[in-house]
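Structure first, then comments.
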Protein chains: 2
Amino acid sequence: MKYKHLYWWGRKRRYDGERPTGSPRTLKTVSRAFDLVRALEELDGAGVTELSEYLDLSKSVVYNYLSTLRSEKFVVKEGDTYRLSLQFLLVGEYVRYQNTLYRIGKSELEDLAEKTGEFAHLATEQHGLGVNLYKVSGEKAVGSDYQVNKLQRADYLHFSATGKAILAHLPRERVEWIVDRYGLPSKTESTITDREDLFEELETIRERGYSLNDEEEITGLQAIGAPVTNRHGRVLGSISVSGPVRRMKRSEYHEQLIEEVVNTANVIEVNINMEETDDEFPTFS
Amino acid sequence: MKYKHLYWWGRKRRYDGERPTGSPRTLKTVSRAFDLVRALEELDGAGVTELSEYLDLSKSVVYNYLSTLRSEKFVVKEGDTYRLSLQFLLVGEYVRYQNTLYRIGKSELEDLAEKTGEFAHLATEQHGLGVNLYKVSGEKAVGSDYQVNKLQRADYLHFSATGKAILAHLPRERVEWIVDRYGLPSKTESTITDREDLFEELETIRERGYSLNDEEEITGLQAIGAPVTNRHGRVLGSISVSGPVRRMKRSEYHEQLIEEVVNTANVIEVNINMEETDDEFPTFS
DNA sequence: TATAGGTGTTTGTATTTCACAAACCATCGA
DNA sequence: TCGATGGTTTGTGAAATACAAACACCTATA
């Protein structure tokens, strides 16, 4: 349980008191409301007293926040414990559907999983972390139960095939920022933990057009990833297939998989560019 | 687009000024923050000025709210338009995973879709509306593209097989409340729109143990549903399979499907009761 | 190249609204 | 019956927010 929220919610909040001039004012009350949302997630639901101790706020304050969130339908009360409601799921599904990469890429990813029989992922980047937009399990996929049911979290970009494919196509300064912000924590002994090594790897990925995760996240698991960029060269996200190293490494099969992945990424790109006739794609922030 | 949010976000907010004594205080600032979230959903992203007109708030106020939501990572800014972020999806996935019915029922539902080849749904109730927790498309499933990709929304309970199975096992006064609150709008000419008809139907459903949606939501589509209750008799949600009337109505096949659906619901119930050894299940609100 | 009109952003300040503590009210078990 | 442990309500001072107006920036157009 300790690992769960280590890097997830980001660093400690800075309330308005200590705000440097020139940066936007933020509303304490709103921030607290989201502190409560986070707390409810971290505690898997809780009562008023528990939350008031956890957040160091008076009981009545917590009660008022919960009542408000409840009236907004983002929180439900079961007996005396408050929980986050399915409203979050509904809004979440809306947001996902808004995402062009998901909308266009979903069915292609399903085809990819079907064709290869392996496990396929569709990911994008937000706030310097990777978010899985969709996963499909192919016929041969192993550990699929673990992978499908694993809780969906934002995770580091530097140790997954999807993540590295994205990093390779972000502007260098953005990658620098991400590394500064989150570091390069290791998951296995193969994880890239050195900054220069990472930049070399990203260079390689750019040259050959696909990324490889060689047991860098989970021992025994290899993944092949490819970026999806729009016509302006901005990376929208990436896809990957993954499976046990033993199978994935067999050379003909390996080549064939690379082919399939890169090809699928390409098809998605084409379809996206057909939809997005001529909109601008400004940079995220 | 008009239909989209007709009944979704609920009725107009009542701020604290006009609060009847004895009901909890609610925080204006928090409510406004969620007004912004709603607005961003309704407008599919928007700029400061647009939002300030839409919500009748001053530009600077909107700007401050957006800045706060952004610092909480629930909103991103692309160029000059603000959008809801994937954070909602992540929290939503967490909430879904917290749901016992989803956690236990998911794989059983997949089996059901596989066995029958039809389209299968797993749904629950919240705030008097139905929420789909999961959907799987079987081999033979038709219109599956529409159904899978259809935007996930909370919808009325009275015209779906899953919804009616749930209603049939809620306390009468709760059903009364729901009907008072949302009415019985019709989707096709077969939709039940009369209160007494509905209660009779629910009685029938309770007696025979499954529900039927006979082109009440979509012309040409039939669905068979069954409730999932815990050992205390509280309904946790329901499942269904659906397909074209022509196929679904063939009598042997029909019987067989009913059998499969009821059976699956049963298996889920057993598994849930094994997990939830002896917790109380208080009533929602 | 200047200018008008459209953005998003910043600031000062009045005043609304929130935070706190303490009282209150259930429920449960000893 | 009593005490302990929750959640809920209320009055009031202190602090955070809402507003308007000024600002900076961009783009189109004269």
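Reminder, nothing fancy here: chain letters follow the sequence lines and each chain counts from 1.
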- request: Rounded off to whole Å, could you give me the CG-to-P distance for the A:Leu66 and C:dA19 pair?
  value: 13 Å
message: Quick check on C:dA19: is either OP1 or OP2 less than 4.0 Å from any side-chain nitrogen or oxygen of A:Arg32?
response: yes
- prompt: Between B:Arg195 and B:Glu176, is there a side-chain N and carboxylate O pair less than 4.0 Å apart?
  reply: yes
message: Should the side chain of B:Arg70 and the base of C:dG8 be counted as holding a donor-acceptor pair, with the cut-off at 3.5 Å?
response: no
- prompt: Closer than 4.0 Å, any side-chain N/O of B:Tyr65 to the OP1 or OP2 of D:dA16?
  reply: no
message: Taking the minimum atom-to-atom distance to the side chain of B:Thr49, which one of C:dT10, D:dT8, C:dT7 wins?
response: C:dT7
message: Could you check whether any side-chain heavy atom of A:Gln98 comes within less than 4.5 Å of a side-chain heavy atom of A:Glu93, counting everything from C-beta outward?
response: no
field: Axis-to-axis angle between the two ends of the helix from C:dT1-D:dA30 to C:dA30-D:dT1 (five base pairs per end, rounded to 10 degrees)
entry: 30°
Per A:Val48 side chain, nearest of listed nucleotides C:dT16, C:dT9, D:dG7: D:dG7
- prompt: Within the pair B:Thr29 and C:dT17, is there a side-chain N or O less than 4.0 Å away from OP1 or OP2?
  reply: no
task: Round to the nearest Å and state the distance from B:Asn64 atom CG to C:dT17 atom P.
output: 16 Å
query: Can you tell me if B:Arg83 uses its side chain to pair, donor with acceptor, with the backbone of B:Asp44 under 3.5 Å?
result: yes
statement: Rounded to whole Å, CG of B:Leu27 lies from P of C:dC18 at a distance of 5 Å
query: Between D:dT9, D:dT8, C:dT16, which one does the side chain of A:Lys59 approach most closely?
result: D:dT8
- line: Rounded to whole Å, NZ of B:Lys28 lies from C1' of C:dT15 at a distance of 11 Å
query: Is there side-chain contact between A:Glu50 and A:Val48, with at least one heavy-atom pair below 4.5 Å?
result: no
query: In whole angstroms, how far is the P atom of C:dT9 from the CG atom of B:Leu51?
result: 12 Å
Whole angstrom value for the distance that separates C1' of C:dG8 from CD of B:Glu50: 14 Å
- request: Grab the CG-C1' distance between A:Leu55 and C:dA19 for me, whole Å please.
  value: 14 Å
query: Hey, does B:Thr229 have a side-chain heavy atom less than 4.5 Å from the side chain of B:Leu236?
result: no
- request: Could I get the full list of ring-ring contact (aromatic ring centres under 6.0 Å, His included) partners for A:Phe88, not counting sequence neighbours?
  value: A:Phe74
task: Using a cut-off of strictly less than 4.0 Å, decide whether A:Ser67 has a side-chain nitrogen or oxygen near OP1 or OP2 of D:dT8.
output: no
query: What integer distance in Å separates B:Leu69:CG from D:dT17:P?
result: 13 Å
field: Residue-phosphate contact under 4.0 Å: A:Tyr63 side-chain N/O, D:dG6 OP1/OP2
entry: no
task: Examine A:Arg172 relative to A:Phe199 and say whether NZ or CZ is less than 6.0 Å from the centre of the six-membered ring and inside a 45° cone about the ring axis.
output: yes
- prompt: Considering only heavy atoms and no angle criterion, is a donor-acceptor pair shorter than 3.5 Å present between the side chain of A:Ser60 and the base of C:dA21?
  reply: yes
field: Out of D:dA18, C:dC18, D:dT12, whichever nucleotide has its closest atom nearest the side chain of B:Arg25
entry: D:dT12
- request: Specify the residue among B:Ser58 and A:Ala46 whose closest nucleotide of DNA chain D lies further upstream toward the 5′ end.
  value: A:Ala46
- prompt: Can you name the ring-ring contact (aromatic ring centres under 6.0 Å, His included) partners of B:Tyr134, sequence neighbours left out?
  reply: B:Tyr102
- prompt: Does OP1 or OP2 of C:dT9 have a side-chain N or O of B:Lys77 closer than 4.0 Å?
  reply: yes
